[in-house]
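Residue numbers begin at 1 in each chain, while the letters A, B, ... track the order of the sequences.
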Protein chains: 4
Amino acid sequence: MPAQPTGRFQPPDVRRRQILDAVAALLLQDGYEALTISKVAARAGVAKGTVYLYFDSKQELLAALQAEMWGRMLEAPAALLERPELSWGDRLDGLVAAWVSAEQDHQELYHRLFHELGTAGDEPMGEARALLVRILTEGHEAGEFDVSDPELTADFLTHAYAGPCHHASGADVTAAVQGLFRRVVAAR
Amino acid sequence: MPAQPTGRFQPPDVRRRQILDAVAALLLQDGYEALTISKVAARAGVAKGTVYLYFDSKQELLAALQAEMWGRMLEAPAALLERPELSWGDRLDGLVAAWVSAEQDHQELYHRLFHELGTAGDEPMGEARALLVRILTEGHEAGEFDVSDPELTADFLTHAYAGPCHHASGADVTAAVQGLFRRVVAAR
Amino acid sequence: MPAQPTGRFQPPDVRRRQILDAVAALLLQDGYEALTISKVAARAGVAKGTVYLYFDSKQELLAALQAEMWGRMLEAPAALLERPELSWGDRLDGLVAAWVSAEQDHQELYHRLFHELGTAGDEPMGEARALLVRILTEGHEAGEFDVSDPELTADFLTHAYAGPCHHASGADVTAAVQGLFRRVVAAR
Amino acid sequence: MPAQPTGRFQPPDVRRRQILDAVAALLLQDGYEALTISKVAARAGVAKGTVYLYFDSKQELLAALQAEMWGRMLEAPAALLERPELSWGDRLDGLVAAWVSAEQDHQELYHRLFHELGTAGDEPMGEARALLVRILTEGHEAGEFDVSDPELTADFLTHAYAGPCHHASGADVTAAVQGLFRRVVAAR
DNA sequence: AATGAATGAGGCTTCATTCAT
DNA sequence: GATGAATGAAGCCTCATTCAT
């Protein structure tokens, strides 16, 4: 798979993007173990040394990609909190929709990224969890949900949603997962 | 970390155990990436070559550990299917108890093992899933559960239970997760 | 034995040559069994990894050296076939001269290389043999030689010429071997 | 290929033979590079340690096999020197017959053994050469041969005879090689 | 005499990272 | 800013040899 035929000189953001895209593509294609800087450079159409102009190490390169992905998972649901007209159930649905969609977009990309999370990887996951905890807590306080232990339930749901994304035969996974989330938090 | 002070010659099962235990300990302690045969040997108190007397390759060593863990997760719940006096809810509770306990025993050991599953790792996971699918399906047919899509729900739950096992502050995680499972499958 | 004091960066051909020369030197000095990539690198004055920049594996490194040597043995004699003014005896003499000279240059280098020929090594040997078979056959048909079984005779001579190259005390080995070849093919 | 079903205790010579036979068989089958003491032991039907009861090292094991083979190549031709009724040509024929037969028996066994000859291997080769030198010299002095440089000619012939043994399509290789030897030494 | 589990040095190869151009 | 040849530490695995039983 040859490099994209871009010019030799590129604006920094473009180069950065090319490299991150290359990492994502390779991760999806061959998995984490097979990922090498050489391949990333080749795929991005740059020299090996160039990768190090944009990222200090392999670790940081992966961390950057991970951070990007977490961002996509957090923005949309967080925005829903600002809209007063929504019910907590709506917000939970929105969060599920965002997460399922992110998961499906990157398929297992994010799971493959879990390898190197030992260090910095925990923090963004914490943010996602915190968001869910907040929805559960406030939804419960509003009488809309029945969640006795929001933290534990958030851990449960945080792991759960990913399951159906992979195996499921297309169909409406989002709706199905939303239904399951609703069952877990349902009042009564 | 010095080797366990065992004699030079050991019965084969003992050596095998020592080595597998060393792998588990190191995996928990330092993670998958940091696992080397050298460290395994040192931790097990044997020479590097000895590891290869018992396992043909690093792959097989990890596969053996994984197989062992899946066995522990499948035996007890499968046995519950044979006991006619139990309700489907009881069986589901039993499965949760076994899985949570296995998860807590090995903490993230099993998750760290997910790296090398590309090959043989899928099969046992399939068995665990199949077991859960069966419980959900038959519980639904018996009118005890309300599960419209057993496959998808199994994928959901298969991922979900692990979440609370790690973060949760001790307490009665098992009971809590059993409760969440019940909510997901609850009739009405 | 310290590395040759060459600069750190070298044109690709130069580096390639340095490495091949190092292999040849070590092979002559210590034999095939003792040949390691480490020693090759040290002798060539490069890091171990550099060897793999130029050759994909130890096998290929040896194959490259072997191919080079076969080339030297085949080019000159093959050229003689194109010159109509030569008798078949002249051509046979030319072939002997080339082979003896190649053999003496590399002494037993080529014999030590015979270890790894299992794969690609047979082919070039076949070419050398084919060349000789052709000379014997056509020389016989021209009435200049008397060779009843060219194939068998070629096998005989292909092995024979190497013998005197090593032991012989300098002198004129080439002339002597030419004389022996002439005896083997002599008409009458 | 399972071990020969011999009893656990064997007279020393039998064991020794079993081990040497195993080496020869493996050498022929898989080549020198693939030869390990483990395989030798397995093939001979003994434990690895047992091999070391009979041979001090791998080197010595191979040397012993080589010595045996040289013996077979030297005994018969040397005996011919004692029989006054024979011509030198007959003796040369006898030597060729013995060498070709030995070569064919072990096919390339002896060539595969040439790898480790660096040390002790030269000596027996020297004996074979000396025998041939003597035949050439005395045959020449007797006016039966015309050999101007017996040493060089011996080196030539010592290498030559092996060529036809492998490729040749059965037939009467011995006679053919005898004919070629005769041509090389022919008076006139 | 025989065993075979255990050893550990050492080989091949990979790959993150550097740096002279 | 970009390059890519060069580096060398470190990993996996093999196998001749030893030694307690």
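Atom CD of B:Gln66 is separated from atom CG of B:Leu20 by 12.5 Å, given to the nearest 0.5 angstrom. Taken to the nearest 0.5 Å, the NZ atom of D:Lys39 stands 7.5 Å off from the CG atom of D:Leu35. Rounding to the nearest 0.5 Å places CD of B:Glu68 at 14.0 Å from CE of B:Met73.
By the salt bridge (Lys or Arg N to Asp or Glu O under 4.0 Å) test, D:Arg16 is found to be paired with no residue, residues two or more places apart in sequence or in another chain being considered. Contacts of D:Ala25 classified as side chain to side chain contact (heavy atoms under 4.5 Å, CB included), with partners at least two apart in sequence or in another chain: D:Arg43.
Among the protein residues, C:Tyr54 comes within range of the sugar-phosphate backbone only, with heavy atoms under 4.0 Å from sugar or phosphate atoms but none that close to a base.
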>> Output one letter per nucleotide in nucleotides 10-15 of chain F: B when a protein non-hydrogen atom lies under 4.0 Å from the base, S when only the sugar-phosphate is that close, - when neither is.
In response: BSSBBS
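Closest to the side chain of A:Arg15, out of F:dG8, F:dG4, F:dA2, is F:dA2.
Closest heavy-atom contact between C:Ala22 and C:Val40: CB-O, 3.7 Å. Heavy-atom minimum distance, C:Leu27 versus C:Tyr32: CD1-CA, 3.7 Å.
If you take CD of C:Glu60 and P of E:dC12, they are 15 Å apart, rounded to a whole angstrom. A straight line from CZ of A:Arg16 to C1' of F:dG1 spans 16 Å, rounded to a whole angstrom. Taking atom CZ on C:Phe55 and atom C1' on E:dT14, their separation rounds to 18 Å, with Å as the unit. The interatomic distance linking C:Asp30 (CG) with E:dG11 (P) rounds to 12 Å, in whole Å.
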N/O donor-acceptor pairs under 3.5 Å from side chains in residues 50-57 of chain B, not counting sequence neighbours:
residue, atom, partner, partner atom, Å
B:Ser57, OG, B:Gln59, N, 3.4
B:Ser57, OG, B:Glu60, N, 3.2

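Secondary-structure stems of DNA chain F, taken as three or more successive Watson-Crick or G-U wobble pairs (i with j, i+1 with j-1) under a 3.5 Å distance threshold, comprise E:2-21 with F:2-21.
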